[in-house]
Amino acid sequence: MHLPDPAPLYADHLATLTARADAALARAGLDHLVIPSGRLHYQVFDDRDYPFAVNPHFKHWLPLTRVPDSWVVHTPGKRPQLIFNQPRDYWHVVPAAPNGWWVEHFDIHIIREAEQALPLLPADPARCAILGEANSAIGAFAPNNPQAVLDHLHWHRSFKTPYEIALMRAAQVPAVRAHKAAEAAFRAGASEFEIHMAYCAAATQDANELPYGNIIALNQNGAVLHYTELDKQRPADPRSFLIDAGASAFGYASDITRSYAAAGHDEFQALIDAVDRVQQQLCAKVRAGFDYKQLHLDAHLGLAGVLREFDIIKVDAETALATGVSNAFFPHGIGHGIGAQVHDVAGFAEGEHGGFIQRPDGQRFLRLTRQLQPGMVVTIEPGIYFIDMLLEDLRAAGQADAVNWQRVDLFKPYGGIRIEDEVLCTDAQADNLTRPVFAATPA
Ligand code: GLY
Ligand code: MN
Ligand code: MN
């Protein structure tokens, strides 16, 4: 399938970031934006480092994810500076010399150890917005994370540049390839661990490179929302498979979920198909001006309609939402913003000055409450689960009569269903980043 080339889009991306940074600094009355890439973290009383997670602000400027102790410095009116740490180190592979589409846009200073950045940073840290975590500090350059700067940059980061959209489209490809390999492994009777390994091999990414821990759940394990156990035993009776797994491209994430029934489990397959129909209707609602809170409530109504249609609940959709019955079967948010972080920032922001838009009453886990606007990319991930704890809570709340427990018992061994795509909000129709890649990828 045709994918846009990010290289010619980078100059405009950088111009957008520069303009946003200028505005953020002006608001805060500061002169420089300084972004450390981050520093390795070590395990307590040990010399083993945790997998390096680059500062998301840093990878917003540059497609570099494995360069600890490097710095981006932006000063309005000047070319951006990159202080690039390429240590003298024969124990580890060090970052390759700067290369790629971004190099010509930066003044690059190579350093050999972290402290060599100090004389290359602006003279007065008090005049800088330094964005990062505390352990990135060198000398007087300690991250100060001015709230006004963060609010401005986080709000605007919701609106992806064409360059970022190209990277996000690229992040779908290895993930979908790996989803297909995972489905084939499931159908061959593999264990969760074996499916995970098949996924990583097909994505050519290991657990440290993936944007989040794979959720590979067979049978009733699909009822655990963030199930990451990877059972090594092959199931005696594979009935269902829920896989929530993504991939990374230049620091950008994909986040995709599919649900499958084993051959012969036709009624569960029909339930999956019904959730899939609701999911596609919700994806189509991603358009400029639509309130994501409403999309979440629409998901409840659509899923409760499915529960009613399958005789799992005995009340209509509106009643199920009003009484908390739908919350027991769909106990998470309809989705979230996504980009350089799988759960993107500023999900509740009222505007570039920050603020907080509350969730709808009773909807504790929704991560995005904003109105959709062109350039935003969100996930749409409705699900139906059979979770003992929540079903017991329903009984305790006096709602036992709203549920057909025989039907619940029939579906419990399948765990749950979730279907998740990423969708770009445009000026016109929703642009589903995920589905066309499934259609174009061979099994
Ligand atoms: N993979 C986590 C999520 O879907 O948000
Ligand atoms: Mn997911
Ligand atoms: Mn998600």
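Order of appearance sets the numbers: ligands from 1, and atoms from 1 within every ligand.
Residue contacts with ligand 1: His343 is included, with a non-hydrogen atom under 4.0 Å away.
Of the polar atoms of Glu381, at least one N or O is found under 3.5 Å from an N or O of ligand 1, judged by distance alone. Residue contacts with ligand 1: Arg418 is placed with no nitrogen or oxygen under 3.5 Å of a nitrogen or oxygen of the ligand (distance criterion only). Residue contacts with ligand 1: His226 is placed with no nitrogen or oxygen under 3.5 Å of a nitrogen or oxygen of the ligand (distance criterion only).
Shown in contact with Asp244 at under 4.0 Å from a heavy atom are these atoms of ligand 1, numbered in order with element: 1 (N), 2 (C), 3 (C), 4 (O). For ligand 1, the atoms closer than 4.0 angstrom to any heavy atom of Glu420 are 4 (O).
Between His343 and His336, the ring planes are perpendicular. Angles over 60° get that label, and only those under 30° would be called parallel.
Asp316 and Arg308 are not joined by a salt bridge, as no carboxylate oxygen comes within less than 4.0 angstrom of a charged side-chain nitrogen. Arg287 and Asp431 are not joined by a salt bridge, as no carboxylate oxygen comes within less than 4.0 angstrom of a charged side-chain nitrogen. Comment: Arg239 engages Asp237 in a salt bridge, judged by a side-chain N to carboxylate O separation of less than 4.0 angstrom. Ion pair Arg234/Glu194 flagged as a salt bridge, since at least one NZ, NE, NH1 or NH2 atom sits closer than 4.0 Å to an Asp/Glu carboxylate oxygen.
Counting backbone and side-chain atoms alike, His343 contributes no N/O/S atom closer than 2.8 Å to the Mn ion (ligand 3).
Ranking protein heavy atoms by distance to atom 3 (C) of ligand 1, first place goes to Asp255 OD2, 3.3 Å.
Aromatic ring centres of Phe330 and His332: separated by under 6.0 Å.
If you look at Glu420 and ask which of its N, O or S atoms sits nearest the Mn ion (ligand 3), the answer is OE2. Of all N/O/S atoms in Glu381, OE2 sits nearest the Mn ion (ligand 3).
Trp155 does not carry Arg20 over the face of its six-membered ring by the limits of under 6.0 Å from the centre and within 45° of the normal.
The angle subtended at the Mn ion (ligand 2) by OD2 of Asp244 and OD1 of Asp255 is 150°, given to the nearest 10°.
Checked options Phe268, Phe241, Tyr260; the residue passing with Tyr414 is Phe268 (criterion: ring pair (Phe, Tyr, Trp, His ring centres under 6.0 Å)).
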